[in-house]
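The basis for the numbers below is simple: all heavy atoms, side chains too, and nothing from hydrogens, waters or symmetry mates.
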Amino acid sequence: MKGWAIAMVLIGATITGTAHAEDGAPAAGLTAATASAVAPNRFVWADTVPNIGADPVSVVVSIADQRAYVYRGQALIAVSSVSTGKEGKGTPAGTYPILQKEADHKSNLYDAAPMPFMQRLTWDGIALHAGRNPGFPASHGCVRMPAAFARKLFGITSVGSTVTVMDESFVPGDDWVPESAAPAEPDAGTTHANTLQLASLERQ
């Protein structure tokens, strides 16, 4: 009976995408092996990481891996599959601060398409958000994530949290230190809709 109960706990962890130890307690952290096993439209999340205090949250998005890696301080606490920009609309590499967060956002560029748990990286349309996650690049430039993961990530980040997007593969370890990122000002190519939105935000 005990073995059956443990099996059910592990099945539940797989369904919810939450990393747990075999006894059902939250895992202490995530390993590179755990990260490399994350399948399309799936994620793992370590609910509790000891000794992290109020360390800032940062995110690494690897276009080559089609995965996002979430750190609190230098502790890897979550890994998710993602879908980045398809050919011709690639997600630009770089280090970005989160500029804006909106849980129920509609696209300014693509016919008011839903972008749940949107976290804006650039004023010209690049963001993290929940969306279709087939395991390969399929977006118009945004980083799409499984909905449950996008919701969890939205809950722990702040405006100003750092997101690093890289073209190459990423090997998670305990020595990750994010680069600093300065907010980018909208340029002449920014859409009229986003310019109006920025002006509205500045008045608030």
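In this structure, the separation between CG on Leu121 and CD on Gln100 is 11.0 Å, given to the nearest 0.5 Å. To the nearest 0.5 Å, atom OG1 of residue Thr95 and atom CE of residue Met166 are 7.5 Å apart. Atom OG of residue Ser83 and atom CE of residue Met145 lie 11.0 Å apart, to the nearest 0.5 angstrom. If you take OG1 on Thr91 and NZ on Lys86, they are separated by 11.5 Å, rounding to the nearest 0.5 Å.
In this structure, Val79 and Leu30 approach most closely via the heavy-atom pair N-CD1, 3.8 Å. The minimum heavy-atom distance linking Val59 with Ala68 is given by the pair CG1-CB, 4.4 Å. Contact between Ile98 and Val159 at its shortest, heavy atoms only, is O-CG1, 3.4 Å. Across Ala147 and Ala130, no two heavy atoms sit closer than the pair CA-CB, 3.7 Å. Across all non-hydrogen atoms, the minimal contact from Cys142 to Ala127 is CB-O, 3.2 Å. Residue Ser62 comes nearest to Ser169 through the heavy atom pair OG-CA, 3.5 Å, listed as atom of the first residue, atom of the second, then distance.
Looking at Ser158, its side chain never comes within 3.5 Å of a backbone N or O of Ser161 through a donor-acceptor pair. Distance alone, capped at 3.5 Å, is enough to place a donor-acceptor pair between the Asp65 side chain and the Phe170 backbone. Put simply, the side chain of Thr164 never gets that close to the backbone of Val60: no donor and acceptor are under 3.5 Å apart. Looking only at distances, no side-chain donor or acceptor of Arg151 sits under 3.5 Å from a matching main-chain atom of Phe117. Side-chain atoms of Thr162 do not come within 3.5 Å of backbone N or O of Pro97 as any donor-acceptor pair. The main-chain N or O of Ala35 is found under 3.5 Å from a side-chain atom of Arg67 such that the two form a donor-acceptor pair. Using modelled atom types, no side-chain atom of Lys152 and backbone atom of Ala78 make a donor-acceptor pair closer than 3.5 Å.
A 4.5 Å side-chain heavy-atom check between Arg144 and His129 finds at least one atom pair inside the cut-off. A heavy-atom distance below 4.5 Å is found between the side chains of Val70 and Phe149. Here the side chains of Arg120 and Glu102 are not in contact, with every heavy-atom distance at 4.5 Å or above. Counting heavy atoms from C-beta on, the side chains of Pro116 and Phe154 never come closer than 4.5 Å. Within the 4.5 Å cutoff, the side chain of Val44 has heavy atoms near those of the Val38 side chain. Contact check for Gln119 versus Leu153: side-chain heavy atoms found under the 4.5 Å cut-off. Annotation: side chain of Ile126 is in contact with side chain of Pro92 (closest heavy-atom distance under 4.5 Å).
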Practice task
Output, in order, the C-alpha distance, side-chain angles, deciding distance and verdict of side chain to side chain donor-acceptor pair (under 3.5 Å) for Thr84 and Gln66.
Solution key: CA-CA 7 Å; Thr84 57; Gln66 290 293 283; 2.7 Å; yes

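Using a 3.5 Å distance cut-off with no hydrogens or angles, the side chains of Asn41 and Ser81 do not pair a donor with an acceptor.
Connection of Val61 to Ile156 is established within a shared hydrophobic cluster, with ILVMFWY side chains joined at heavy-atom distances below 4.5 Å, either directly or through further cluster members.
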